[in-house]
Amino acid sequence: MTAETSQTLDRGLRVLKLLADTDHGLTVTELSNKLGVNRTVVYRLLATLEQHALVRRDLGGRARVGLGVLRLGRQVHPLVREAALPALRSLAEDIGATAHLTLVDGTEALAVAVVEPTWTDYHVAYRAGFRHPLDRGAAGRAILAARQAPLSEPGYTLTHGELEAGASGAAAALIGVTGVEGSVGVVMLADSVPERVGPRVVDAAREVAEALR
């Protein structure tokens, strides 16, 4: 540290870097130990960063990078969408269902990229910007499942009728993308999801994760 720098800002940036380097978040105690400061300082840093949506804390008290970090750069969301679009287009055309990339925003799931198939007579209308609770719908449930087993092989989640009557969904979490929690999925008008869809969604989630690394 030099006379021209701010110790508080430096600590805040170090908090963000520490959180960005973990997929499962950090507790106040863990941050305190890593920063070499007391818990009170960490609480104040987190509270300030939360006000700007740069950090969020889950129900268990673990701090994670917030989507406000993405909003700092106007082109970040477009870049995320651009990186995901090839895999989403391929998924939508292959399955014949609406494909989407969903990210965590606080306690909600936020669709940031959506691609509809070009060859089907009808499909579910699903728009970028659509929000729903994390514990409803395949996209959010896949993210919650990944939190329980962050180091396991990716699997997929199936749901029916949780967000829209008559619609079924399949989603797989993004694995190995530092600082980003999200999932790739499809939603279709069907009573159940065909057997091949789940593995195909897992493949698409892997493609998107690789594009975002």
Side-chain angles (χ1 to χ4, degrees), residues 56 58-59 64 66-67 70-71 77-78 80-150 152-177 180-212:
R56 59 184 177 79
D58 61 27
L59 295 179
R64 303 171 188 267
L67 282 185
L70 297 182
R71 299 189 189 103
H77 260 184
V80 170
R81 288 195 292 269
E82 183 178 347
L85 282 178
L88 293 181
R89 287 196 189 99
S90 177
L91 178 62
E93 293 298 310
D94 188 15
I95 301 302
T98 302
H100 53 85
L101 169 66
T102 297
L103 300 181
V104 173
D105 187 12
T107 60
E108 295 181 312
L110 170 65
V112 298
V114 176
V115 175
E116 297 176 346
T118 61
W119 56 270
T120 56
D121 293 330
Y122 57 88
H123 49 261
V124 177
Y126 198 84
R127 297 288 180 264
F130 178 66
R131 295 174 178 270
H132 59 84
L134 280 173
D135 61 355
R136 293 185 61 193
R141 289 188 181 276
I143 294 168
L144 293 177
R147 286 182 181 177
Q148 300 301 315
S152 65
E153 286 296 313
Y156 57 88
T157 300
L158 305 178
T159 58
H160 175 70
E162 292 196 356
L163 296 177
E164 184 173 341
S168 293
L174 299 176
I175 303 297
V177 184
V180 175
E181 277 191 300
S183 65
V184 170
V186 294
V187 57
M188 60 185 66
L189 292 172
D191 292 332
S192 62
V193 176
E195 185 175 342
R196 77 180 187 94
V197 172
R200 181 64 181 85
V201 166
V202 171
D203 288 341
R206 187 179 293 111
E207 291 176 30
V208 172
E210 291 174 355
L212 292 176

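Count residues from 1 along the sequence. Values below: all heavy atoms of this structure, side chains included; hydrogens, waters and symmetry mates excluded.
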Close side-chain approach of [X] to [Y], heavy-atom, < 4.5 Å:
{"X": "Phe130", "Y": "Val114", "result": "no"}
{"X": "Pro117", "Y": "Thr98", "result": "yes"}
{"X": "Glu93", "Y": "Thr118", "result": "yes"}
{"X": "Val104", "Y": "Arg147", "result": "yes"}

Rounded to the nearest 0.5 Å, how far apart are [atom1] of [X] and [atom2] of [Y]?
{"X": "Leu134", "Y": "Glu181", "atom1": "CG", "atom2": "CD", "answer": "8.0 Å"}
{"X": "Ser183", "Y": "Leu101", "atom1": "OG", "atom2": "CG", "answer": "7.5 Å"}
{"X": "Arg131", "Y": "Asp105", "atom1": "CZ", "atom2": "CG", "answer": "4.5 Å"}
{"X": "Thr107", "Y": "Arg56", "atom1": "OG1", "atom2": "CZ", "answer": "9.5 Å"}
{"X": "Asp121", "Y": "Leu189", "atom1": "CG", "atom2": "CG", "answer": "12.0 Å"}
{"X": "Leu144", "Y": "Thr157", "atom1": "CG", "atom2": "OG1", "answer": "9.0 Å"}

If every non-hydrogen atom of [X] is compared with every non-hydrogen atom of [Y], which pair is closest and at what distance?
{"X": "Ala109", "Y": "Thr102", "answer": "CB-CG2, 3.5 Å"}
{"X": "Ala172", "Y": "Ala205", "answer": "O-CB, 3.7 Å"}
{"X": "Leu212", "Y": "Ala83", "answer": "CD2-CB, 3.8 Å"}
{"X": "Ala87", "Y": "Val208", "answer": "CB-CG2, 3.7 Å"}
{"X": "Ser168", "Y": "Ala190", "answer": "OG-O, 2.7 Å"}

Pairs touching [range] that satisfy ring pair (Phe, Tyr, Trp, His ring centres under 6.0 Å), sequence neighbours left out:
{"range": "residues 157-176", "result": "none"}
{"range": "residues 180-204", "result": "none"}
{"range": "residues 83-122", "result": "His100-Tyr126"}

Practice task
State which residues pass side chain to side chain contact (heavy atoms under 4.5 Å, CB included) with Ala99; sequence neighbours excluded, sorted by chain then number.
Solution key: Leu88, Leu91, Ala92, Val186

Problem - Qualifying side chain to side chain donor-acceptor pair (under 3.5 Å) pairs with a residue from residues 132-141, counting only residues at least two apart or across chains - result: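 Found Arg141-Glu162.
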
Using atom types as modelled, flag every donor-acceptor pair under 3.5 Å from a side chain in residues 192-202 to any protein atom, sequence neighbours excluded.
from: Arg196; atom 1: NH1; to: Asp94; atom 2: OD1; distance (Å): 3.4
from: Arg196; atom 1: NH2; to: Asp94; atom 2: O; distance (Å): 2.8
from: Arg200; atom 1: NE; to: Asp94; atom 2: OD2; distance (Å): 2.8
from: Arg200; atom 1: NH2; to: Ser90; atom 2: OG; distance (Å): 2.9

